[in-house]
Protein chains: 2
Amino acid sequence: MPVSIEDVARKANVSISTVSRVLNRRNLVNARTRQRVERAIKQLHYRPNIFARGLMLQKSEMVGLVLPDLHGEFYSEIIRGANQEARELGYNLVISSAKDSDDTQSLLEGIQQRSFLDGVAIMVSEVTGGMQELLVDFAVPFVVLDGKVDGAMHDSVVIDQGEGARAMMRHLVNTCGMQRVFFVGGLRTNVDTIARLEAHQQVLSEAGIEHGPLDIYHLDYEYDTAYALATDNIHDWAGPNRCVFAANDEMASGIVDAAAAAGVAIPDDLGVVGFDDTRVARITRPPLTTVRVPMFRMGAEAIRLLCARVADPMCHPTAISLHPQLVIRKSCKCELDA
Amino acid sequence: MPVSIEDVARKANVSISTVSRVLNRRNLVNARTRQRVERAIKQLHYRPNIFARGLMLQKSEMVGLVLPDLHGEFYSEIIRGANQEARELGYNLVISSAKDSDDTQSLLEGIQQRSFLDGVAIMVSEVTGGMQELLVDFAVPFVVLDGKVDGAMHDSVVIDQGEGARAMMRHLVNTCGMQRVFFVGGLRTNVDTIARLEAHQQVLSEAGIEHGPLDIYHLDYEYDTAYALATDNIHDWAGPNRCVFAANDEMASGIVDAAAAAGVAIPDDLGVVGFDDTRVARITRPPLTTVRVPMFRMGAEAIRLLCARVADPMCHPTAISLHPQLVIRKSCKCELDA
DNA sequence: TAATTCACTGAAAGCGCTGTCAATAGTCAA
DNA sequence: TTGACTATTGACAGCGCTTTCAGTGAATTA
């Protein structure tokens with residue numbers, strides 16, 4: 001049933017070498033012969049066997065994208081960017097995600113083991129020792145997304161979390177005049193959370209505002225838990241010149257809704273700001289002041305970098321840093337509202 | 001640099017056949033020999049070459065997922081479901097999307113041409129003649145998602161759009177007592193839109209409610225355009241026992257927000273309902289009455305079906321029908337609000 | 001005219017692996 | 001002790017393709 005290069009050769013009355021040349025370096029073969037071969041290919045519905053070809057070329061033209069999760073717009077945008085770039089560069093995109101870091105590790109081990117990918121872009125939510133070790137001499141070319149794995153030795157595309165978070169905090173403190181900023185982050189070990197929290201602390205210190213661990217909450221980036229937390233605490237939080245800085249829009253949105261349910265006015269009684277500028281930030285009432293993270297671009301840049309490395313495995317590691325952008329909407333009660 | 005089966009064989013002092021047997025059908029080789037081979041494999045960091053293996057087996061253990069778009073939660077959930085199922089079944093998931101149907105067609109042609117996938121799950125937003133023709137003797141096993149391609153000859157997993165839309169319309173007319181229901185859909189050619197519009201017409205007719213083409217709008221499933229449309233029309237729409245049935249939550253959300261901006265109260269002055277039950281449906285104020293579409297399950301079922309077919313290419317085509325579910329929230333002014 | 005180049009083509013050597021087949025050694029019933 | 005088995009292993013023929021390398025005849029140059 002499957003038609004091979006040999007069948008084509010026979011039909012076109014040439015050798016398989018010639019057929020192969022038509023397929024790969026067309027200019028090496030006489031125009032008339034080429035036509036004959038091309039006709040045979042079409043008539044026979046010939047499709048070169050990808051494995052045989054890969055066996056020779058040791059290239060699959062596939063790159064992987066490993067994400068810590070696929071849930072929500074954040075990842076979906078990364079995928080979208082990666083997909084676009086991959087198609088543009090003629091690569092296929094293999095996507096996988098794993099629940100926790102152990103699972104991610106076994107996923108990567110699998111990829112390495114079976115190594116059918118020319119390269120892989122890796123994003124992890126937290127880095128275990130095992131992961132770090134695994135990557136040190138990972139057999140497949142890779143780039144790291146979102147800078148969770150420590151850098152320099154490999155390509156990476158990071159978002160300057162600190163910069164974004166500091167911009168937000170400075171806006172809250174300097175422009176909106178906030179005197180107390182609660183922080184609601186993800187897991188304590190989550191690197192994003194850590195960076196944002198650092199910015200939180202730093203800017204408060206700079207401004208000479210007292211702050212303590214009691215104003216800091218660690219959740220899981222989900223709407224529901226944030227809603228629950230806010231429901232319990234909203235009346236303690238509320239007050240003039242007070243604000244909640246949530247580490248993503250989902251949680252911020254949950255807090256806003258909890259506030260609305262409890263009769264606390266946003267931003268008059270309490271400011272609430274988010275991070276990521278996802279869909280929900282615009283839809284939440286009032287729309288959220290947040291930090292736009294260029295997710296689509298991150299996905300695209302990662303694949304671009306990856307394919308460059310695949311093409312030249314020895315090229316010098318590059319680190320691309322993407323800059324987040326403060327997006328001021330209606331949830332932080334600043335002068336710009338006008 | 002790359003270590004082959006031969007290196008392992010040499011190191012373990014056996015033939016490559018034996019190494020191969022250790023790799024594939026371990027029980028055929030003596031326990032002591034096997035240990036020796038396994039040690040060599042480990043020491044040499046040997047990883048079997050996927051291409052050479054594929055060349056013999058003609059299996060890549062990769063399945064594709066072709067989507068019309070990657071934007072938004074709808075697709076992201078499908079991917080999530082597909083990814084989970086694929087991992088469970090030991091397959092890798094290759095994802096691609098194409099902008100329009102021409103692009104999709106060329107994508108599929110590419111997949112067929114290079115055929116490195118054991119199978120592919122295909123979802124298209126509309127079906128052109130070329131596409132239909134292409135699929136008739138598509139060389140790669142496939143299943144069709146969301147029933148856009150006409151069925152029976154191949155596996156498919158569809159969502160009974162009509163059922164969901166009718167349930168919604170009956171709820172609006174019978175329970176909420178709506179006397180006039182505007183319809184805001186996607187493109188005229190979009191199959192989802194067609195199914196939902198049909199339900200709209202049918203239920204209105206059943207209820208003996210007059211309805212004409214003027215109450216029907218065709219947009220693009222996006223928030224912004226719906227917002228704009230609603231801004232222009234909101235005062236014409238508003239009125240007792242009137243309602244807008246938007247073909248997805250995004251548009252419904254845009255309409256709700258436009259209404260809020262124009263001072264039209266939802267649902268008191270106008271009901272607004274959506275479709276899909278995505279994130280925005282819950283976050284919109286008031287939260288949207290909508291139809292929940294089991295996207296995650298659709299992705300998972302598609303891959304399950306696909307892998308079954310890959311395992312047995314001759315098995316009888318199955319059609320899985322998933323049932324949407326009416327989700328009543330606060331945007332439709334029904335008695336259940338109480 | 002002879003020597004050299006050129007454009008094109010075919011033969012054949014693998015790429016790394018799996019599976020068939022035959023060979024060997026060891027076991028067991030007779 | 002012998003023949004019939006069984007368990008274990010190795011040799012080797014491909015899988016379908018790309019890529020040297022070595023022709024072939026025609027065109028160009030000396």
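These values consider heavy atoms only, across backbone and side chains, with no hydrogens, waters or symmetry-generated copies. Just so it is clear: chains get the letters A, B, ... in the order the sequence lines come, proteins before strands, and each one is counted from 1.
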For the helix from C:dT1-D:dA30 to C:dA30-D:dT1, what is the angle between the axes at its two ends, each from 5 pairs, rounded to 10°? 40°
Which residues pass the side chain to side chain contact (heavy atoms under 4.5 Å, CB included) test with [X], not counting sequence neighbours?
| X | result |
| --- | --- |
| B:Tyr75 | B:Leu67, B:Pro68, B:Asp69, B:Ile78, B:Met123 |
| B:Ile41 | B:Val8, B:Leu23, B:Val37, B:Tyr46 |
| A:Leu134 | A:Gln105, A:Leu108, A:Glu109, A:Gln112, A:Phe138 |
| B:Asp103 | A:Arg87, B:Ala98, B:Lys99, B:Asp100, B:Ser106 |

By side-chain hydrogen bond (donor to acceptor under 3.5 Å, both in side chains) - contacts of [X] (at least two apart):
| X | result |
| --- | --- |
| A:Thr104 | none |
| A:Glu88 | none |
| B:Ser321 | none |
| B:Asp7 | B:Arg10 |

How would nucleotides 15-27 of chain D be written as a contact map, 5' to 3', with B for base contact, S for sugar-phosphate-only contact and - for no contact, using protein heavy atoms under 4.0 Å? BBBBBB-------
Which nucleotide of DNA chain C is the first, and which the last, in the 5' to 3' direction, to come under 4.0 Å of a heavy atom belonging to chain A?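 For DNA chain C, the relevant span reads C:dC8 to C:dG16.
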What residue among B:Asp118, B:Leu89, B:Leu117 forms side-chain contact (heavy atoms from CB on, under 4.5 Å) with B:Val310?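 Only one of B:Asp118, B:Leu89, B:Leu117 forms a side-chain contact (heavy atoms from CB on, under 4.5 Å) with B:Val310, namely B:Asp118.
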Which pairs with one or both residues in residues 40-53 of chain B pass salt bridge (charged side-chain N to carboxylate O under 4.0 Å, His left out), sequence neighbours excluded? none
